[in-house]
Amino acid sequence: MVQSVARAIEILRVLGGAARGAGVTEVAERIGVAKPTAHALLRTLEAGQLVAQDHETGKYRLGPALLELGNAYLETHELRVRSVAWADGLANRTNEAVWVGVLSADHVLVVHHAFRPEGAVQILEVGAVIPWHTCALGKAIVAHLPEADRAALLRGNLAALTGATQTDPAALVQALDGVRATGYALEDGEAAIGDAGVAAPVFDHTGEVVGAIGAVGPVERLLADDVRDALAVSVRETARHLSRDLGAGRPATRRRWATAS
């Protein structure tokens, strides 16, 4: 690894978690370098508009070029591009909001959000990150990862966001086995109190899981006894169609796809 690049990445992550920005001293302490080194890195990033300095406080924040790069990522991400029509169709059929997510380290990144057709004012959640173990999207993806990758995530930080968040690795293993058996994952107030999700995995032409698609909304609406099963069927069906759009189900991947189904 190139040390200066690695440090620049660390700085971006530090600023990404600093709602009010961070000064040179704080950045230097957080990434473990001398203050002049941190200042030089920040000035270089500023020149590329990856960070911006507030001239009143002297603190640094993330810069506008990151938004441009983020938009470019979304526009060129194959799952996101191919999922738009399928997500919109699922939202229209179920009258629920639909998210498409991918795994980013130990979080799920929402890459597409189809609004609930008949709802109140809604906030676009594209770009939101959620700990994998707290959401249906994350569990749907992780359940189908290679065993070593799944084990690494289970050994990682499993923070509790609500009283319903499952943080016991053994219990999560059981839940992931259930996802593989049923073809879908559930979220019941684990990321935010009162919120629920029903999601299914999406596979590409290699048969590897590349993301998940799912409905999100209030617990009382999504997980009602007379709704949940039908919703799960719709979500799984949409995930299957999206996977086939990405090339899954061809002869070379049929065995893996059958197992996931």
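Under the 3.5 Å distance criterion, the side-chain polar atoms of Glu96 are left unmatched by any main-chain donor or acceptor of Val98. Arg30 places no side-chain N or O within 3.5 Å of a backbone atom of Thr25 that could act as its donor or acceptor partner. Here the side chain of Glu78 pairs no donor or acceptor atom with the backbone of Leu246 at under 3.5 angstrom. Asp188 contributes no side-chain N or O that, together with a main-chain N or O of Ala164, makes up a donor-acceptor pair within less than 3.5 Å. Not a single donor-acceptor pair under 3.5 Å links the side chain of His133 to the backbone N or O of Ala160. Without hydrogens or angle criteria, Glu190 side chain to Cys135 main chain gives no donor-acceptor distance under 3.5 Å.
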>> Checking Thr162 against Thr165 for the side-chain contact (heavy atoms from CB on, under 4.5 Å) test, could you report, in this order, the C-alpha distance in whole Å, the side-chain angles of both residues, the deciding distance, and whether it holds?
In response: CA-CA 5 Å; Thr162 74; Thr165 304; 3.5 Å; yes

>> Apply side-chain contact (heavy atoms from CB on, under 4.5 Å) to residues Leu153 and Leu145 and explain how you reach the verdict.
In response: CA-CA 10 Å; Leu153 287 168; Leu145 288 177; 3.7 Å; yes

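In this structure, Glu46 pairs ionically with Arg43, as a charged nitrogen and a carboxylate oxygen lie closer than 4.0 Å. No salt bridge links Lys139 with Glu187; every basic N to acidic carboxylate O contact stays at or beyond 4.0 Å.
Contact check for Arg228 versus Leu186: side-chain heavy atoms found under the 4.5 Å cut-off. Counting only heavy atoms from C-beta outward, the side chains of Leu12 and Val51 approach each other to under 4.5 Å. Residues Leu67 and Gln49 fail the side-chain proximity criterion, which asks for heavy atoms closer than 4.5 Å. Counting heavy atoms from C-beta outward, Glu26 and Tyr60 have side chains that stay 4.5 Å or more apart. No side-chain heavy atom of Thr37 sits under 4.5 Å from any side-chain heavy atom of Ile31. Between Ile9 and Arg13 the shortest side-chain heavy-atom distance falls below 4.5 Å. For the pair Trp132 and Ile141, the minimum side-chain heavy-atom distance is 4.5 Å or more. Counting only heavy atoms from C-beta outward, the side chains of Val129 and Ser104 never approach each other to under 4.5 Å.
Contact record, Ala19 with Arg61: O-NH1, 2.9 Å, taken as the closest heavy-atom pair. The minimum heavy-atom distance between His113 and Ala97, with the atom names listed, is NE2-CB, 4.0 Å. Smallest separation of non-hydrogen atoms from Leu109 and Gly127: CD1-O, 3.6 Å. Between Ala114 and Ala87, the closest heavy-atom pair is CB-O, 3.8 Å. Minimum heavy-atom separation, Leu79 to Val102: CD2-CG1, 3.6 Å. For the pair Leu15 and Ala22, the tightest heavy-atom approach, listed with the atom from each and the gap, is CD2-CB, 3.8 Å.
Distance check, rounded to the nearest 0.5 Å: CG of Leu176 to CZ of Arg150 gives 7.0 Å. Between the CG atom in Leu242 and the CZ atom in Arg240 there is a gap of 12.5 Å [rounded to 0.5 Å]. Distance check: Leu222 CG to Leu231 CG gives 5.0 Å after rounding to the nearest 0.5 Å. How far CH2 of Trp99 is from CD of Glu125: 5.0 Å, rounded to the nearest 0.5 Å. In this structure, the separation between CG on Asn157 and NE2 on His107 is 8.0 Å, given to the nearest 0.5 Å. Distance check, rounded to the nearest 0.5 Å: CZ of Arg244 to CZ of Arg82 gives 15.0 Å.
One hydrophobic cluster, built from ILVMFWY side chains closer than 4.5 Å, cannot hold both Val81 and Leu69; they sit in different ones. By the criterion of side-chain heavy atoms lying less than 4.5 angstrom apart, applied directly or through intervening Ile, Leu, Val, Met, Phe, Trp or Tyr residues, Val108 is not grouped with Leu161; the two fall into different hydrophobic clusters. Val126 is not connected to Val84 by any chain of hydrophobic side-chain contacts under 4.5 Å among Ile, Leu, Val, Met, Phe, Trp and Tyr, and they are in different clusters.
Heavy atoms of other residues, nucleotides or ligands lying less than 6.0 angstrom from CG of Leu124 number more than 12. The environment of Glu220 atom CD is dense: over 12 non-hydrogen atoms of other residues, nucleotides or ligands sit within 6.0 angstrom. Heavy-atom contacts from other residues, nucleotides or ligands closer than 6.0 Å to CD1 of Ile193 number 12 or fewer.
Thr238 and Arg93 form a side-chain donor-acceptor contact under 3.5 Å, judged by distance and modelled atom types alone.
Each of Val100, Val202, Asp245 was evaluated against Ser83; a single residue qualifies, Val100, per the side-chain contact (heavy atoms from CB on, under 4.5 Å) test.
A perpendicular orientation is assigned to the rings of His144 and Phe203, their planes being inclined by more than 60° (bins at 30° and 60°).
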